[in-house]
Every structure is written in structure tokens, then in C-alpha cells.
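In what follows, a single structure is set out as C-alpha cells and then discussed.
The model shown is predicted, which means the values in this text are computed figures rather than measured ones. In this chain, residues are counted from 1 in sequence order.
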Amino acid sequence: MTRLSKNAVTVLERRYLARNEASELIETPEGMFRRVADAIAAGDKKYDPGADTAALADKFYEIMTELLFMPNSPTLMNAGKPLGQLSACFVLPVADSMPEIFEAVKNAALIHKSGGGTGFSFSRLRASGATVRSTGGVASGPISFMKVFNAATEAVKQGGTRRGANMGILRVDHPDIVDFIQCKKDTSEITNFNISVGLTEKFMEAVERNEEYDLIDPRDKSVVARKNAREVFDLIVDMAWNNGEPGIVFLDRMNRDNVVREVAGEIESTNPCGEQPLLPYESCNLGSLNLARMLREKDGKYEIDYDLLGETVDTAIHFLDNVIEVNKYPLPQIEEMTLATRKIGLGVMGFADMLYRLGIPYNSEEGIQVANDVMGFINERAHAASIALAEKRGAFPLYEKSTLAAGGKPYRNATCTTIAPTGTISIICGASSGVEPLFALSFVRNVMDDDELPQVDPYFAEVAKREGFYSDALMRRIAKEGTLAHIDEVPEHVKRVFVTAHDISPKYHIRMQSAFQRHTDNAVSKTVNFRNEATREEVAEVFTLAYKLGCKGVTIYRDGSRSGQVLYVGDKKKDGAEAAPVVRAVTPRPRPEITRGITEKVVIGCGNLYVTVNYDDEGICEVFANLGRAGGCPSQSEAASRLISTALRSGMDVNAVIEQLKGIRCLSTVRQRATNPNIKVLSCPDAIGKVLEKVAKIKAQEDAERMHSAVIPPIEKEPLTDGCEVMDGAPAEVGAPCPECGAQLEHEGGCVICRACGYSKCG
């Protein structure tokens, strides 16, 4: 087994390795890979009862432990366990009636509980203000129901390992499209959704000609109004420039490649990160090849090892097809649709690492050519592997009615390739994410005694040492600059190759996405990074270029565009603008002289815990937790209370504190909970979190009533100094410190991820 990095082990221990009922680790990384390999290999028994599944399991184990291939997170987490739900992506239909809407809410909750993410099109819902014949009232519209789905997602914790994530799509010709485009203008709203506008070819043609286009009533398909297409397009651009949302997806293109459109209908939505277009009730399981491992050294230079790459593709396609066999589906409709099309999505990670080792810049014609060559090879080999499986196992059931039937060669899978954001699995593999460039070559992490430890890309560090310019001081400076562009100590030929996200022009981001899309059955998850000073015109240019170059969707992010961001890449903005904000020490406000609050008795494993939460007009300001009798761990409860109180009076959002506390487990409480119905919490911290949550709701209600009555004017809060401000909701914006480990967050496919510990949040 290839040695795992410290970060990889951390991520595995926090999120993947099996635990017992007392939350104690009972599995090693090797054990996890063996569990997964054995469970997936068992799928061969369905087609050959005498199959040597032990040998196949060894093969699957090898490609995972050698970090050549990694399946999506639910497969790693759940294969070989009772839950057994192995798919990452689902799309659910949302029809235009109350029973069907809330059926979708229920189904989404079941999927989130099992570890999956969901995509929805709200385009079938009637517009706000439309008549509801059954009641004589008026419809509230898609956005109001999105908030219902959002609240349901908030209430469901995905087994403590994955947070709920959704994609919300609305067609550009829906009457409520303008409100939808702006529904996340306030980033504290609809926080569990990424949103994208579903664009049509007709709309884009109207944009080019500066013409009006039709808004269509989803109930009877009648034209209810007309709007200027360019004005709507400019609004999409403005909002994306403002905070990265909405993204755009090209619906007609997705359906052009919908191989079962005639029998299964149109694709309406995608999974949360946009790379997997799916029919209603379809699911897809994904996996990624580690391109950084598909190289060999020859005469002191790296070259692509196509033999190893091809063999790994063959094994990976076999693996992913077996996942469909052993999967335990959360809904019967999903099982039916998934088995009918058998879609799989093999993608890549480590592409930026591969280019570094090949000595080829990401933003170059050679880089684009490598993308074409490598993904072209993978796609062709994946299709050949699917055809070979079909010869042994049969084609997917809807094959004869699909567009693939015209080719004459039966396919086992309706789709084979997808470029997903690889998130935590790329941390496990020690690889760059998906087809993204590196966000930074070096960053500084604060450790004990205010020391600063530079974290450097391993291959860059190797090159720097070989060429004689490595030093800790220089690595700190590179972390501060965020780019090699102005570092004189680094040779020009090294600067040319080791480019990072902000060294690459938005046009090259899109050209690279387009190169991969040409050889991908489904879609490509890729973020186009903009510097803070980028203009709306530049964003519009990228959206237009994506349309012209055949992309199926686009996500952009302009550095520093979300109000919660407190860190930027580098030290200063360009063009003489003010210095970028950095995190500074924050002094807690004094404890107020008068507070109000509640005390609640909570039964725990050690007896009764009395939790007091107090607040004033500015917010929750203190927490006390006292045990009602001897025993337990009163010193830890007091320490936790003091730290929580200090954090809240320092301006930390209470929801972020609650998120960290809820779900923590204590052996004593968990054991007694099984026999004592009065114990409804998992630990002291879990109890404190739940009481905090209750008081936060009371405080919010009081604020709402006060604002409504206007008896007491709203309190104006001063922002914290030096650009650091209170975040809306959980602190999960790009560039902000990770709420779990403090490292810098990065943007990936509409979500944020910490590459140090694996924390992620979409929406």
C-alpha cells in the first residue's frame, strides 16, 4: 500500500473509517479499502456464481491502495456496511402539486440521510401569484418551495460524515426567472443550495441578437410575457460577479447527449456540483483516476504511462458497474431508473500535478493538447470496457431504444465518463482536485506558539531543492504573494510551469474545460477563477465563450466577492488598491450587565446537566453548564462554556458554534441512552448545542417581533476592523479559515472545501 499523507489519514479518520457505537475507530485505512474491495467484487456473483471474487477484490484493492483510482465518498463510507448506499448523485422530480412537492422533500431527506446529494428542477412549478384552483388562492412560486427544501436539508445530518447539498435549477423561460437569479443575493438565504439557470439555445441566440424571448407558463405552455434576453443575461452575469451564483447550465446540450430521451424524457437537472446531468429518479456512482500516478520516468523526464492508464480504466469501469449491482438504493423508483440506464461516471484528478511533472504549463496550447489526448484516451477506453462488459453481462435495459443502438455495439452503461470535483478523495490520494489548477503552491498554517509552518506542494518543493532556491523564508513569501510571478529568486522556466489558479486567464480556464468536455459523456465540474478586480464584462465574456466552445455549464468565482471572505490569495490587490484584509486578533466585547435567557435541565450519562444560555439585544453572550451532582467531567464542561462564551462575544456566528457542538458523542451517554429513554442527547457538548439552538430561535423571534412593531429600533452593528466581519451562517466562504481546522478554504464546483481536513460545504 502506498504511504498515505498525514492529511489523508486525518480525513479518513474523521469521515470514512468505521466506528463503533461509542464512536471509537474500529478500522484502519487498509481495512477500509479491503472492506470496499470485497463488497464491490461480490457483484460478479450475480453473473457467474463460480467467479473468483477474491482475485477480483485483490485487483480492486490494489488500484485503491496504490492511489490509482478512488470511488466516490459514499462508496468508501458505506460499501460492506448495513446502509450500503453507494451513489453520490441523485435527481428528484418536483411536480406542481402539494402532495408531489412534499413527497420530493421526504425523498430528498432520505437521500441526504444515506449520504447522497440531490438535484432539482423547479421549472414545473407555477409562477408566484398564479391562481390555485383547488383553494382559490395564489401560488407562492418556486423560490418559496426552495426554502422548504433548504430547511429540510438543514434538519438532516448525513450520518455525521457528509453535509446535505442540493442543486436548484430554473429554466430561463420560467416567469419567476428574475427573482430566481437574485434569490441568493443575500448569502445567508438558501444556504444548502447551489443554483443554476437553465439556458436554452433560443435564449442564447436572442442574447446575441439583443432580442426579446418568451416566458412560458409551465402549466399550459402558453406565453405569458416577453423579456429582453440580453438584460436577463446581464443580470445573471451581475449576480455571478457579485457572489458566484447563479451558475449556468445549457439544457439543450445536455439533452442532445441524452441517449434515452425518446423513452425516458428530458434531463431537467444535475447533481449539486453540476457535472452529472440526470433524468428524474436517476442516480450515478462516480470514481476518479489519479493522473499524477499515470506517469513513468524515462531519461530523467516524465511521460504518460498509457499502458497503466488503460489497465486502470478497464478495472475502474468493472468496479463502477459492480457498484450498481451491490448498491442499496434509497427509493424503489431510483433503483428502477438506475438499473434501466446503468450510468457510471469515471473521471480524473491530479491533472495539474501531471502537467507539473511533464513540464507543461496549464495555460498553454500544450496543456490543452494534453487534456485532449488524455481524456480522449480515457473516454475511448472506457467505452471499450463497457462494450466488453455488455458482451458478458448484457447491455443496459433501455439500450435498444437508445441513440447508442445505431452504432451496433451494445453498451453496458448509458454513460461512462464524468469529470467531478474530487474533493476529499483527492486529499486521500494526495492529488490536485479534478481538472482544476492548484489554488496555491505554498500556504502558511499557524501552529502552536504562533509559529508559521509553510505547507508546500511536494513536487514544487522537490524542484526548488533540486534547483537550489528552496528556503522556508521563500516558501512563506510565496504563500504571502499567492503566485510566483513576482518572485525573482525563482527561475523563469519554473515560473512558466508552476502556475496557479489566479495566474491563469479565465479564457484558458474555459478552454481547458472545453477540451475535457469534448471527450466526456456527461459534464465537467470546473470553476473559472477571477481576480477580485475582474469586471462584469469579463464574466460575460467567459459565459459567452463557454457557450461557443460547447461546455454544458459554467461556475465562476471572483476572489473576495462573498462578504464572508476574510482572506485573499496573496498580499495585495493589483492596481494600487488597498491591502487585502487578513485575520487579526479579535477582543471579546465585555459581558453585559443585564441579560435574559433560559436554563434547561438535560439528562446525560453522568446525571443531570443544567445548561444556561443568556443573551442581550446584541446576541447570545454567555453559556454556563453545571452538573447537578458529583461525577462526570465538570472541568471540561466549564472550559467548554467559557470558550463558547468568549467566541460568541467575539462576534462568531452562533450557528457556526452550534454546528460544531451538535453530534459530538460521549461514551457514557451513548451507552446509557440505549436503556434510558430520558437521555435524548449524545454528550454534554451536544446538549449545549441543542440548548443554544433553542435560544437562538427565541432570540430571532424576539428580533422579528421588535422589528415588526418598531417599538425598539434595530441595533446597528459595527463591523470588526481590518476587513474581518461576522459571517452569515457557518463560516464556509472561499478564503475563510476552515471552521474545523483553521486552514484556508478553496472553491470547487460551487462548493468550498478544506484540503487539510476534508471539511466541505455546498451552497
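Side chains of Gln85 and Ser114: a donor on one and an acceptor on the other come within 3.5 Å. Side-chain contact annotation: Asn166 with Thr118, donor-acceptor N/O pair under 3.5 Å present. Under 3.5 Å, the side chains of Asn285 and Asn72 contain no donor-acceptor pair of N or O atoms. If you check the side chains of Thr555 and Thr527, you find no donor sitting under 3.5 Å from an acceptor. Side chain to side chain, Ser386 and Asn413 meet the donor-acceptor criterion of an N or O pair below 3.5 Å. Side chains of Glu282 and Thr341: a donor-acceptor N/O pair is present below 3.5 angstrom, by distance only. A side-chain donor from one of Ser432 and Asp353 sits under 3.5 Å from a side-chain acceptor of the other. No side-chain donor from either of Asp521 and Thr415 sits under 3.5 Å from a side-chain acceptor of the other. Looking at Tyr16 and Thr424, their side chains do bring a donor and an acceptor atom within 3.5 Å of each other.
Atom CD of Glu66 has more than 12 neighbouring heavy atoms from other residues, nucleotides or ligands inside a 6.0 Å radius. Heavy atoms of other residues, nucleotides or ligands lying less than 6.0 angstrom from NZ of Lys409 number 12 at most. Open room surrounds CD on Glu336; 12 or fewer heavy atoms of other groups in view lie less than 6.0 Å from it. More than 12 heavy atoms of other residues, nucleotides or ligands lie within 6.0 Å of NZ in Lys45, so this atom counts as buried by the packing criterion.
Glu245 has its side chain within reach of Asn194: a pair of non-hydrogen atoms, C-beta onward, lies under 4.5 Å apart. Side-chain contact check for Lys59 versus Glu311: every heavy-atom pair is 4.5 Å or farther apart. Using a 4.5 Å cut-off on side-chain heavy atoms (C-beta onward), Lys343 and Ile324 make no contact. Taking 4.5 Å as the limit, every side-chain heavy atom of Pro277 sits out of range of all side-chain heavy atoms of Asn258. At least one side-chain heavy atom of Leu76 sits less than 4.5 Å from a side-chain heavy atom of Ile428. Side chains of Met77 and Leu83 form no contact here, defined as non-hydrogen atoms less than 4.5 Å apart. Side-chain contact check for Glu325 versus Tyr47: some heavy-atom pair is nearer than 4.5 Å.
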Between Phe149 and Phe122, is the ring-ring contact (aromatic ring centres under 6.0 Å, His included) condition met? List the steps. CA-CA 11 Å; Phe149 282 80; Phe122 293 94; 5.4 Å; yes
I'd like to know whether Phe60 forms a ring-ring contact (aromatic ring centres under 6.0 Å, His included) with His318, so could you lay out the CA-CA distance, the side-chain angles of the two residues, the decisive distance to 0.1 Å, and finally the verdict. CA-CA 9 Å; Phe60 290 164; His318 190 167; 5.7 Å; yes
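To the nearest 0.5 Å, atom CD1 of residue Ile753 and atom OG of residue Ser433 are 6.5 Å apart. In this structure, Ile248 CD1 and Ser196 OG are separated by 8.5 Å, a value rounded to the nearest 0.5 Å.
Leu398 pairs with exactly one of Leu339, Leu404, Val263 by the side-chain contact (heavy atoms from CB on, under 4.5 Å) rule, that one being Val263.
Annotation for Asn271 and Cys89: closest pair ND2-SG, 3.3 Å, computed over non-hydrogen atoms. Between Ala316 and Leu346 the shortest heavy-atom distance is CB-CD1, 3.8 Å. The two residues Glu268 and Leu251 come nearest to each other via the heavy atoms O-CD2, 3.9 Å. Counting all heavy atoms, side chain and backbone alike, Phe193 lies closest to Gly168 at CD2-N, 3.5 Å.
For residues 258-292, no residue pair satisfies the ring-ring contact (aromatic ring centres under 6.0 Å, His included) rule, not counting sequence neighbours. Every pair passing side-chain hydrogen bond (donor to acceptor under 3.5 Å, both in side chains) that includes a residue from residues 354-364 is listed here, sequence neighbours excluded: Ser364-Glu366.
For the salt bridge (Lys or Arg N to Asp or Glu O under 4.0 Å) test, residues two or more places apart in sequence or in another chain that qualify with Lys507 are Glu541. Every residue was checked against the side-chain hydrogen bond (donor to acceptor under 3.5 Å, both in side chains) condition with Ser288, not counting sequence neighbours, and none meets it. Every residue two or more places apart in sequence or in another chain was checked for a ring pair (Phe, Tyr, Trp, His ring centres under 6.0 Å) with Phe33, and none qualifies. Evaluation of the side-chain hydrogen bond (donor to acceptor under 3.5 Å, both in side chains) rule for Glu262 yields no partner, not counting sequence neighbours. In this view, Tyr61 satisfies the side-chain hydrogen bond (donor to acceptor under 3.5 Å, both in side chains) rule with no residue, not counting sequence neighbours. Listed by chain and number, the residues in a side-chain hydrogen bond (donor to acceptor under 3.5 Å, both in side chains) with Arg518 are Asn372, Ser514 (sequence neighbours excluded). Under the rule for a salt bridge (Lys or Arg N to Asp or Glu O under 4.0 Å), the partners of Asp38 that lie at least two apart in sequence or sit in another chain are Arg34. For Glu201, the salt bridge (Lys or Arg N to Asp or Glu O under 4.0 Å) criterion is met by Arg253, not counting sequence neighbours. Remark: Tyr329 pairs with no residue by the ring pair (Phe, Tyr, Trp, His ring centres under 6.0 Å) rule, at least two apart or across chains. Qualifying salt bridge (Lys or Arg N to Asp or Glu O under 4.0 Å) partners for Asp305, counting only residues two or more places apart in sequence or in other chains: Arg296.
With Thr417 contributing its side chain and Thr520 its backbone, the two residues share no donor-acceptor pair below 3.5 Å. Side-chain atoms of Ser525 never come within 3.5 Å of backbone atoms of Glu275 as a donor-acceptor pair (strictly under, hydrogens ignored).
Here Phe351 and Phe516 bring their ring centres to under 6.0 angstrom of each other.
Between Asp173 and Lys221 there is no salt bridge, since no side-chain nitrogen of the basic residue lies less than 4.0 Å from a carboxylate oxygen of the acidic one.
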